[in-house]
4 protein chains.
Amino acid sequence: MKRDKPKYKQIVDAAVIVIAENGYHQAQVSKIAKEAGVADGTIYLYFKNKEEILISVFREKMGDFVEIVKNAIKKEITATEKLYEMIDSHFRWLHGDRHLAIVTQLELRQSNKDLRYRINEVLKEYLVLLDSILKEGIEKGEFDEKIDIRLARQMVFGTIDETITSWVMNDQKYDLLKLAPEVHRLILNGMKS
Amino acid sequence: MKRDKPKYKQIVDAAVIVIAENGYHQAQVSKIAKEAGVADGTIYLYFKNKEEILISVFREKMGDFVEIVKNAIKKEITATEKLYEMIDSHFRWLHGDRHLAIVTQLELRQSNKDLRYRINEVLKEYLVLLDSILKEGIEKGEFDEKIDIRLARQMVFGTIDETITSWVMNDQKYDLLKLAPEVHRLILNGMKS
Amino acid sequence: MKRDKPKYKQIVDAAVIVIAENGYHQAQVSKIAKEAGVADGTIYLYFKNKEEILISVFREKMGDFVEIVKNAIKKEITATEKLYEMIDSHFRWLHGDRHLAIVTQLELRQSNKDLRYRINEVLKEYLVLLDSILKEGIEKGEFDEKIDIRLARQMVFGTIDETITSWVMNDQKYDLLKLAPEVHRLILNGMKS
Amino acid sequence: MKRDKPKYKQIVDAAVIVIAENGYHQAQVSKIAKEAGVADGTIYLYFKNKEEILISVFREKMGDFVEIVKNAIKKEITATEKLYEMIDSHFRWLHGDRHLAIVTQLELRQSNKDLRYRINEVLKEYLVLLDSILKEGIEKGEFDEKIDIRLARQMVFGTIDETITSWVMNDQKYDLLKLAPEVHRLILNGMKS
DNA sequence: AATGAATGAGGCTTCATTCAT
DNA sequence: TATGAATGAAGCCTCATTCAT
């Protein structure tokens with residue numbers, strides 16, 4: 001509701017900051033309202049309840065991201081290159097917003113089953129994109145035709161996710177972007193024909 | 001404290017069941033006490049607070065598991081074989097205790113930052129074991145000497161973890177054990193020299 | 001204030017409908033505004049606060065009703081006949097507006113002490129009318145001269161009120177109007193000389 | 001639950017006092033707890049929620065009262081005498097507990113539809129008792145055989161209720177007990193054969 | 001060692017009212 | 001006059017922990 005109003009975005013952005021700085025369980029609605037510079041009640045003109053704020057955080061940000069990835073891989077020709085762009089833009093995305101990185105990798109995972117289920121719905125779009133790259137690679141003969149798409153997807157996503165989580169848990173001390181080529185190489189080798 | 005008393009184990013086992021069946025946020029101390037067949041207050045004779053119960057769940061169970069893996073790989077000669085044994089016994093471990101699988105893959109991740117930090121401490125022993133296999137593989141020339149150990153570890157752990165989580169999220173419908181060879185192959189290819 | 005403007009009546013009528021359909025506690029100002037086809041803020045150009053709307057509902061409607069009763073009994077000669085007309089027109093009034101019946105018998109009674117006190121002020125006009133009939137009946141020898149006017153009034157009003165409330169609580173299933181003669185007879189007997 | 005524990009009664013009694021002194025809408029759980037001399041949370045060991053406290057107030061008190069009436073009319077022989085005892089003990093009951101009188105006549109009526117529905121369930125026992133007296137009176141020829149039991153019940157209850165409410169609204173200034181004979185006479189005349 | 005009744009802090013949400021336009 | 005977006009106070013309930021027995 002009213003997702004195009006400026007305050008909607010204001011509140012979502014405030015939620016990212018508050019969750020990142022205080023943790024999921026300490027992100028009270030009143031803190032988010034204060035950070036957004038609105039009254040507590042105003043939150044409920046834009047979101048049905050607290051859970052909806054959190055869903056929106058993920059949906060808005062992940063939505064932006066899927067667009068970025070789609071654009072990034074559009075320019076590429078081979079599945080191998082597309083895979084590289086996906087890894088690199090995923091890294092670049094969270095590297096560019098340290099608060100968001102904390103939220104997606106650590107805090108949002110503390111949500112309850114229902115919320116995580118709904119987050120997975122949003123994630124699906126990303127995984128579908130990944131699947132299409134994998135299928136293309138197999139068809140073109142770039143990847144081994146014997147690989148199980150589901151397992152390959154889990155390897156790719158699991159590796160990327162684990163790499164980013166480690167980076168966040170180490171306080172984003174080292175340069176995540178530099179890891180992209182090696183992660184790409186590890187993943188690719190696993191699927192080479 | 002008093003970890004050798006029978007009630008200690010009774011409470012830890014009760015916690016696994018209660019968390020698996022009710023979810024992390026619905027696992028009240030009183031429920032755990034009831035499942036363990038003791039009074040609420042008794043819990044606090046064995047655990048300083050609720051967080052300690054959850055830590056213990058992970059420490060006790062993961063401790064058992066690390067032992068299992070250590071024994072499993074002892075018999076093997078090559079790093080490649082050891083890696084296979086690690087994957088297979090990891091799958092076998094959680095395949096054999098559906099409650100524990102839910103708890104490690106879904107519920108315990110909803111805990112707060114502090115708790116997850118301490119869980120990672122316990123995980124370290126597992127990761128150290130993994131690192132030693134990777135190093136051995138490189139030294140023996142089984143794996144590519146150019147791979148970054150940290151990244152390789154993240155790929156291996158990320159892939160295994162993501163595979164198990166997917167299996168749990170799909171209600172453990174399909175046979176996890178059958179996936180071990182293919183997961184092994186995917187991972188191995190990524191590191192082959 | 002501004003009771004003669006068309007929007008005033010519009011809002012009062014909307015309040016009756018909203019309260020009847022949603023219940024007293026679910027009759028938010030915004031719902032009344034919507035039903036009346038005006039903006040929330042407009043309500044406050046015509047009413048000081050929400051309580052004033054509710055008072056007005058009763059005052060306007062009860063005002064109409066007292067006029068109706070006055071006219072109805074004007075034609076009658078004996079106090080006995082006037083009493084019958086009062087009962088019959090009371091029944092007829094609420095029988096003709098099912099929303100209003102719900103509001104006066106059930107919903108408005110959920111208001112707080114202050115509001116109920118002010119409603120009683122409005123009711124007084126009705127009770128004064130009733131008292132005058134009772135006095136007239138005593139003076140004319142139709143009713144027992146020994147009856148306590150206050151108690152008699154309470155019996156008459158209590159009986160009528162309880163009868164209507166029962167009818168509303170039974171979802172207005174049976175014909176209220178048919179009960180008038182018997183209610184009249186019961187009441188009258190109580191006061192006969 | 002645990003209705004026989006002393007704290008259950010303690011809380012119910014505290015609720016009567018708090019509601020009478022502050023009004024239904026100002027009777028916060030915390031006030032009731034304070035008046036009862038227990039912690040807020042303790043309330044919830046004895047009552048599922050706030051509504052259950054209010055139901056219990058009525059059920060416990062009305063339950064006591066129905067017993068009193070049953071005992072009072074047991075000694076009487078005629079329906080006429082029984083009716084007098086019912087009126088007199090009803091008056092005597094609320095005359096003896098000014099807080100309870102305010103609660104039953106004014107405050108509890110502000111509750112929402114659900115609560116009032118459940119209160120009516122409790123009231124039913126009283127009305128059944130009243131019906132049995134009326135039937136007995138008709139069978140014995142004390143009351144007119146042509147009267148409609150339902151209407152007669154509404155007259156009796158309506159008159160008693162209205163009389164007590166008036167007394168409470170007038171701050172219990174006059175002596176309610178003295179009104180019993182006249183109320184009895186008014187009611188009785190209405191039903192005499 | 002064991003019990004379990006009692007404690008009390010803490011947060012999401014609603015909605016009457018305001019006020020800039 | 002009319003609007004409607006924004007405000008912010010206020011309360012029910014849960015549950016980890018304690019402590020008298």
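Letters A, B, ... are given to chains in the order of the sequence lines, protein chains preceding strands, and every chain is numbered from 1.
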To the nearest angstrom, how far is [X] atom [atom1] from [N] atom [atom2]?
X: A/Ile43; N: E/dT13; atom1: CD1; atom2: P; answer: 11 Å
X: B/Lys34; N: E/dA2; atom1: NZ; atom2: P; answer: 20 Å
X: B/Phe47; N: E/dA1; atom1: CZ; atom2: P; answer: 13 Å
X: B/Tyr24; N: F/dC15; atom1: OH; atom2: C1'; answer: 13 Å
X: B/Ile32; N: F/dT17; atom1: CD1; atom2: C1'; answer: 14 Å
X: B/Gln10; N: E/dA2; atom1: CD; atom2: P; answer: 10 Å
X: A/His25; N: F/dA16; atom1: NE2; atom2: C1'; answer: 15 Å
X: C/Ile11; N: F/dT1; atom1: CD1; atom2: P; answer: 12 Å

>> As a test of understanding, state which of C/Ile11, C/Asn49, C/Ile43 forms a side chain to side chain contact (heavy atoms under 4.5 Å, CB included) with C/Val29.
In response: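 Option passing the side chain to side chain contact (heavy atoms under 4.5 Å, CB included) with C/Val29: C/Ile43.
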> Of the options D/Asp13, D/Leu94, D/Val122, D/Thr104, which is the one that meets D/Lys61 in a side chain to side chain contact (heavy atoms under 4.5 Å, CB included)?
Replying inline: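 Passing option: D/Asp13.
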> Take atom CD in D/Glu52; do more than 12 heavy atoms of anything else shown fall under 6.0 Å from it?
Replying inline: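 More than 12 heavy atoms, drawn from other residues, nucleotides or ligands, come within 6.0 Å of this atom.
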> Where each residue is assigned the nucleotide of DNA chain E containing its nearest heavy atom, which of B/Ala39 and C/Gly41 is assigned the position nearer the 5′ end?
Replying inline: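 Looking at the nearest nucleotide for each, B/Ala39 comes out on the 5' side.
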> In the structure shown, which nucleotide is the Watson-Crick or G-U wobble counterpart of F/dA20, with both distances under 3.5 Å?
Replying inline: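 Pairing partner: E/dT3.
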>> Under 3.5 Å for both donor-acceptor distances, Watson-Crick or wobble: does F/dC13 have a partner, and if so which one?
In response: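 In the structure as shown, F/dC13 has E/dG10 as its Watson-Crick or wobble partner.
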> With a non-hydrogen cut-off below 4.0 angstrom, is D/Lys31 in contact with a base, only sugar-phosphate, or nothing?
Replying inline: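 Answer is nothing: D/Lys31 stays at 4.0 Å or more from every strand.
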> Under 4.0 angstrom, heavy atoms only, what part of the nucleic acid is A/Val29 near: base, sugar-phosphate, or nothing?
Replying inline: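 If one applies the 4.0 Å heavy-atom cut-off, A/Val29 turns out to touch a base.
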> Just by modelled atom types, is the C/Ala20 backbone N or O under 3.5 Å from a matching donor or acceptor in the C/Glu107 side chain?
Replying inline: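 Such a contact is absent between C/Glu107 side chain and C/Ala20 backbone.
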>> Taking A/Ala27's backbone N and O only, do any of them form a donor-acceptor pair with A/Lys50's side chain (distance below 3.5 Å, no angle check)?
In response: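 Checked: pair present.
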Minimum-distance nucleotide (side-chain atoms of [X] versus [options]):
X: B/Gln28; options: E/dA2, F/dT14, F/dC15; answer: F/dC15
X: C/Asp40; options: E/dA2, F/dG4, F/dT3; answer: F/dG4
X: D/Tyr44; options: F/dA16, F/dC12, E/dT3; answer: F/dC12

> Taking for each residue the nucleotide of DNA chain F bearing the nearest heavy atom, is the 5' side occupied by D/Glu51 or by A/Val38?
Replying inline: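 Looking at DNA chain F, the more 5' nearest nucleotide goes with A/Val38.
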> B/Ser30 or C/Gly37: which one's nearest nucleotide on DNA chain F is closer to the 5' end?
Replying inline: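 That would be C/Gly37.
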Any side-chain N or O of [X] under 4.0 Å from OP1/OP2 of [N]?
X: C/Lys48; N: E/dT17; answer: no
X: A/Lys50; N: E/dT13; answer: no
X: A/Tyr46; N: F/dA6; answer: yes

>> For C/Ser56 and C/Tyr46, which I'm curious about, is there any donor-acceptor pair between the side chains at under 3.5 Å?
In response: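 Distance-only check fails for C/Ser56 and C/Tyr46.
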